[in-house]
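To start, the structure under review is shown below, and the notes come after it.
Throughout, a chain's letter reflects where its sequence line sits, starting with A, and its residues are numbered from 1.
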Amino acid sequence: MMKIVVGQGSCGIAAGAGKTYEAIKACMTEQEPFELGSTGCNGMCFLEPIVDIYDGHKLVKRLVNVSADKAEAVVSAVRAGDLSGLSEMVIKPEDEEFLTQQTRIALRNCGIIDPEDIASYKERDGYKALEKVLTSMTPEEVIEEIKVSGLAGRGGAGFPTWFKWNAARQSPGEEKYLICNADEGDPGAFMDRAVIESDPHNLIEGMMIAAYAIGASEAIVYVRAEYPLAIIHLNEAIRQAREAGYIGQNILGTGFSCEFRYMAGAGAFVCGEETALIESLEGKRGMPRLKPPFPAAAGYKMKPSNINNVETFANVAWIILNGGEKFAAMGTENSKGTKVFALTGKIRRGGLVEIPMGQTLRHVIFDIGGGIREDKKIKAVQLGGPSGGCIPEHLLDTVIDYKALSATGAIMGSGGMVVMDENTCMVGMAKFFLDFTSKESCGKCVHCRIGTRRMLEILNRIVEGNGKDGDIELLEELCYSIKDGALCGLGQTAPNPVLTTIRYFRDEYEAHIGEKRCPAAECRDLLMYYIDPDKCKGCTACARKCPADAISGTVKSAHSIDPEKCIKCGTCKSTCKFDAIYVK
Amino acid sequence: MSDCCCKDENMKALDKVLDECGHDAGNLITILQNAQEIYGYLPSEIIYYVASQTGISPARVMGVATFYSQFRLEPVGKYLIMLCKGTACHVNGSDTLEDVICSELGISNGQTTSDGIFSLKTVACLGCCSLSPVMMINDEVFGLLTSDKVIGILNDFRKKAQEEGGTQA
Amino acid sequence: MEQIKITINGKECIGNKGDSILKIATANGVYIPTLCHFEGVKDYGACGICLVEGEGLPKLMRACSTAAADGWVLSTETDRVKKARKIALELLMSDHDGDCVGPCSLNCPAGTDAQGYIKQIALGNDYQAVKIVKETNPLPASIGRVCPHPCEKNCRRRFVEQPMSIAYMKYFAADRDLHLTSPYDGVTDGTVFRGGMDGKCGISIPPTYKPEVKKATGKKVAVIGGGPGGLTAAFFLRRNGHEVTVYDAMPEMGGMLRYGIPEYRLPKRILHREIAEIANLGVKLVNNVRIGGEASPAAFTGAEVISLESLRKDYDAVVIAVGAWKSSSVGCPGEDAEGVLGGIDFLRDVALAVQPYDPEGTLSRPINIGKKVAIVGGGNTAMDACRTAVRLGAEDVYVIYRRTRNEMPADEEEIDDAIEEGVTFKFLTNPAEIISENGKVKRIKLQVMELGEPDASGRRSPVPVEGKFEILDVDTVIAAIGQKLDPTGFEELEFNRKGIITADEATFRTNLEGVFAIGDATNKGADIAIAAIGEGNKAALVVDSYLNGEIIPYKKPFVSERDEETVKKELAEREKAARVIMPKRTPEERRHDFKEVNLGFAEEDVRKEAARCLECGCHDYEDCRLIFTARREEICPARLKGQHHPGFVEQKLVSIERNQNKCILCNLCIRTCDENAKKGILGLVGRGFTSVIKPEFNDPSVIAGCKDCHLCADACPTGALKIIG
């Protein structure tokens with residue numbers, strides 16, 4: 001039987017997938033020779049809304065950019081069994097490469113199964129790993145298998161997963177907790193959202209295996225409040241898994257019991273730090289605790305606890321079923337398996353990319369991502385968000401590997417990969433991240449609370465053209481001391497975006513300070529807008545749109561901008577059809 | 001609670017939440033989230049009530065309510081615009097969109113229009129980076145925004161609010 | 001309990017396994033600075049001051065909360081730790097919006113704790129007030145009368161209505177301490193009241209304050225010059241137990257206070273009483289002795305001559321405080337004529353003629369200056385000279401000044417007094433020529449000036465209006481335009497280009513070993529008396545350290561200061577209370593004699609005036625752990641100047657005033673309230689940089705319990721919490 005499946009992840013819906021789904025449904029009669037279903041996100045966000053047409057389990061056509069007005073055409077073609085008329089909508093071969101070049105483990109079910117239906121997950125070997133673990137493996141054997149796989153924490157730090165599990169297992173105490181950090185706070189990363197929205201059972205299964213391994217009596221997902229759809233899907237998946245007997249008392253009759261619940265966070269980036277997350281779970285302000293004690297000894301409710309991130313758990317079931325060695329066969333010496341990246345920014349094909357470790361950044365950006373929009377020049381790629389750094393173009397051949405990336409001053413991070421072109425100001429980028437971290441600082445320690453604020457103030461004055469000689473050195477001095485003095489990971493890594501931009505783009509800082517010039521022509525206070533009289537046709541479009549009434553000129557003659565009045569909003573530039581407005 | 005329009009009715013709803021959460025201090029965040037669902041924001045009477053019902057000191061409840069960006073101590077407009085300021089959105093021009101929204105509505109971030117229709121709040125990341133720049137109005141996400149698109153969307157909502165009449169809060 | 005051994009800053013320390021580094025360090029006498037740690041409260045790790053680095057350990061550790069491991073080798077002084085600690089302190093100070101000490105004290109060259117003594121005066125404790133003043137200034141009754149009071153120029157009360165009358169309050173208290181109700185009342189020469197019962201009221205009156213003198217050190221110091229600077233140095237060196245002798249060329253001690261300031265401003269018996277108090281401590285005062293060479297000025301003639309060299313031999317240290325006693329000349333043709341006098345020469349001549357300790361201030365011999373007198377200059381010496389001329393019977397007294405009143409360096413009050421006494425001010429004029437007949441002054445030709453464009457310093461300099469002159473008939477011309485040092489006898493010393501002794505600004509050392517120099521004779525030259533006193537007390541510290549074997553340069557202590565603009569805004573709405581005005585004798589009365597012009601404050605007025613104090617300086621200054629810690633490092637918070645966290649002052653806690661401006665968010669108040677008081681009243685509100693601490697409670701029993709607890713205030717490392725009522 002044919003099936004029309006609409007991808008309805010958050011970004012699909014944002015692109016109109018919900019309307020498309022409703023429109024298709026509206027076109028259908030009671031008796032159709034096909035079904036309508038939905039799935040999560042396959043990661044090709046740049047083509048949303050995406051509609052897949054299946055014949056049984058076989059994908060026969062992938063239609064892209066299917067807006068609601070095309071529903072009629074899709075329905076009638078499928079109904080007629082003749083899809084040739086849809087060729088306009090069919091994905092282009094080069095765009096298909098976006099997926100074909102990937103190796104998907106964590107994302108293996110995303111965009112394929114129906115996330116709201118446990119049967120759909122089970123059809124793809126779902127819960128087989130949990131069954132295997134509970135029926136044929138000791139917790140120690142599970143930990144050993146994970147050790148063999150070389151799986152490391154995908155939240156960013158890259159700490160060996162087995163080690164944490166083992167520490168929690170060894171920690172004395174009857175009451176233990178297994179916690180999933182789904183507080184994906186890096187602004188620019190959305191892998192975890194995609195997993196929970198599109199494959200929630202995979203997360204549940206991975207967590208239950210871990211819970212068994214450490215001996216936890218309760219597993220808790222701490223999920224970001226900004227992800228309403230993920231919460232809905234997770235909630236439903238927990239209900240179904242409980243009903244199916246995969247969570248709760250005496251699971252699968254093995255005697256193993258473990259409760260499962262989620263808690264929605266309330267908006268605080270610092271809760272990505274594990275002790276802050278625990279505080280938040282306990283209903284408190286999410287302020288990091290002093291370490292030691294580490295969570296493995298005294299975490300949630302001061303009981304032994306283990307915390308991993310969503311992507312880490314998403315690999316677990318696969319490793320158990322396929323063996324740790326197969327996982328470890330992928331990647332590099334010290335970075336095993338695959339890694340998911342949220343590829344965004346000035347990239348042509350943005351979305352979710354899962355590839356084996358060891359490939360180069362250039363491969364991800366150019367081969368998979370299709371390079372830079374409008375064929376502009378790439379300037380840098382940002383990894384690790386507010387904790388990470390900007391890697392310049394000349395280092396794009398760096399391989400994806402925890403150590404190799406750290407050597408550049410950036411970090412692997414949770415998977416945010418934001419591509420920047422020549423029009424992105426790197427000082428502005430540093431300012432953006434410091435603005436973020438200073439707002440998200442919990443305020444506990446001096447170095448982070450006041451330090452990030454002062455760094456932001458210095459960066460602000462630089463982009464406003466008020467930078468002073470010595471500001472770069474002062475920033476560096478602050479950076480090193482904040483790294484040394486801050487209490488938790490947020491503060492200790494907050495200087496990274498500044499340090500890497502100073503390291504690779506010092507000339508941009510110097511231009512802002514010394515020449516009061518923004519080389520990327522992005523910092524508003526340092527810009528002037530001009531009209532090229534040769535190109536201006538006198539169409540008056542810009543003058544009519546200018547909110548500050550700063551443009552004058554008569555019809556069919558060249559216009560000009562009054563710099564006194566200009567508020568540098570850029571409206572004229574985006575309005576002009578003749579490319580006559582330039583910025584200097 | 002003297003100012004609250006329908007005290008008993010509202011407290012009943014909150015009591016139900018408190019019962020579900022076992023009046024447990026550990027569930028404070030969930031309780032406050034539900035309270036905000038009910039009242040639209042967290043009035044100080046509610047803060048004190050939750051404190052008395054959970055045994056947490058009012059200072060502690062206040063501390064939690066002001067720590068997380070999701071909580072509001074002031075009512076918001078009928079439509080809450082959450083403008084994403086994540087990295088991808090920043091790279092693709094969300095600052096300009098903020099200017100456009102602010103000038104269009106005559107408010108700045110964190111404020112509500114005098115007619116009570118719109119509130120603007122910038123948020124860290126909505127996780128729709130591939131469609132950046134993005135904003136969310138109540139539960140609806142809008143992606144690949146431009147200045148013109150934003151103005152159009154705001155006009156649609158304004159029209160909708162006028163048709164429906166009345167404001168929340 | 002298992003014991004472990006660690007090394008901190010090179011010192012081997014023994015502790016129990018599981019103990020924090022800080023605990024072990026403290027038990028072993030190694031100091032590790034911290035602000036957020038407090039005994040009996042759980043550690044929190046906020047301040048980041050207690051960082052230590054361990055050999056072979058990658059990360060810096062917080063000593064307060066890191067359990068030490070056996071064998072660790074730790075340091076608080078590695079480059080990394082020092083940098084991180086420095087930044088932490090700079091960050092804290094850049095966000096700490098408070099005044100350590102009042103701006104009054106900061107502007108006082110002697111750093112006198114004005115706020116401290118004003119508070120005592122407000123409480124009626126005049127003796128206590130004098131004790132505070134005498135920590136920096138041994139001559140409060142004298143200085144209170146004559147000081148141009150830079151303190152008042154900085155007084156924040158000026159943003160409300162007018163500055164406090166600080167100097168005059170000081171002399172009120174000092175007079176009380178000397179048991180004077182008026183400068184001439186019931187005091188016999190040189191006697192010192194030793195306390196006892198007041199015959200009239202039957203109340204116990206404390207004796208005149210006599211500071212403690214430390215155990216004799218056996219070291220000897222010679223001070224050359226008995227002016228305010230020399231006397232101050234002697235006073236403080238004596239208090240430290242050194243044997244001090246002050247030599248002075250004049251017949252009496254006091255220097256310019258004795259021979260420069262006229263009797264009507266400072267009755268000499270007051271000065272004499274204060275100097276007697278210094279002598280009372282055991283300072284030897286030797287008059288009529290001068291150093292080397294020809295006697296200059298002539299007043300020194302007759303003094304015994306000794307050499308600097310002999311003093312160096314006989315004493316362990318020598319402090320030179322000889323002042324600047326030579327008048328500068330007018331510098332125009334005809335200035336050599338008879339009847340052209342130097343300002344300070346003139347004043348000294350009168351001072352020598354005024355009968356000492358005569359309540360009427362009559363002259364022992366006539367001084368003839370004629371009926372028409374012109375004084376050149378716009379400073380306080382010019383004011384003293386013109387008003388003295390009036391008292392000597394001159395009928396037309398002119399002050400010739402090349403700028404306008406706005407630019408005059410003299411005190412406003414002095415100018416007003418002079419005008420009241422009939423002095424004529426010739427602004428925008430400058431002597432062009434002194435015309436004499438038979439060698440005697442007859443007229444003065446004045447060049448008319450106008451103010452030109454402002455110079456680099458922003459001051460508009462006077463320029464001659466070409467061809468425009470004015471002529472005055474005069475009998476005497478007094479040049480009060482400056483004073484210089486007479487270097488005679490000090491030839492071995494190094495002088496600067498202006499002929500002034502070069503002394504190190506932080507140690508007062510001269511080029512000669514063991515010889516220090518202060519006051520008008522050094523560096524920048526002549527200044528006001530309180531500046532000399534300031535150098536006197538700083539030099540005493542340095543010389544004391546020198547005598548103890550290692551010279552410790554004087555370093556201005558780092559203090560936190562609030563932004564004036566912010567304060568100005570805060571004070572805009574403050575309730576006004578007018579400054580109490582010093583009652584004075586009428587001009588008609590006073591222009592005929594040398595009796596003191598000021599009548600002194602009434603007690604009621606002085607208490608009222610003292611109560612106007614805004615108490616800008618921090619109540620916790622002495623005990624503040626923040627400033628104590630900050631001063632241990634070389635910090636420069638100004639480079640990290642930025643926005644302050646949200647601040648406010650509130651009294652929601654019944655008996656505690658909370659000043660959020662000063663809060664450093666160490667959370668000790670919250671933690672003590674939670675853990676020790678078990679109240680949970682205080683909590684953090686907001687997040688990050690904008691978080692503040694606020695009380696939140698609505699239970700009357702909790703409020704009552706809060707009232708008497710004060711544990712939070714005890715734990716606060718700064719002055720953010722103040723117990724009131």
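Listed here is the closest heavy atom pair of C:S691 and A:C442: OG-O, 4.3 Å. Considering all non-hydrogen atoms of both residues, C:L665 and A:G443 come closest at CD1-O, 4.3 Å. For the residue pair C:F689 and A:R454, the shortest heavy atom distance occurs at CZ-NH1, 4.0 Å. Taking both residues in full, the closest heavy atoms of A:H447 and C:L51 are given as CE1-CD1, 4.2 Å, listed atom of the first, atom of the second, then distance.
Under the 4.5 Å side-chain criterion, counting only non-hydrogen atoms from C-beta, C:L684 is in contact with A:M287. The side-chain heavy atoms of C:L640 and A:L474, taken from C-beta on, include a pair separated by under 4.5 Å.
Interface residue C:R62: only side-chain heavy atoms are found under 4.5 Å from chain A. With a 4.5 angstrom heavy-atom cutoff, A:A486 touches chain C only via backbone atoms. For A:L487, the parts sitting under 4.5 Å from any heavy atom of chain C are the backbone and the side chain alike. A:R285 touches chain C through its side chain: at least one heavy atom from C-beta onward sits under 4.5 Å away, while N, CA, C and O do not. Neither the backbone nor the side chain of C:I49 comes within contact range of chain A; no heavy atoms are under 4.5 Å apart. Both the backbone and the side chain of C:D43 come within less than 4.5 Å of a heavy atom in chain A. Contacts between C:S94 and chain A at a heavy-atom distance below 4.5 Å involve backbone atoms as well as side-chain atoms. Only the side chain of A:Q492 comes within contact range of chain C, with heavy atoms under 4.5 Å apart.
Your options are C:K83, C:Q643, C:K59, C:R80, and the one with the most heavy-atom pairs under 4.5 Å with chain A is C:Q643.
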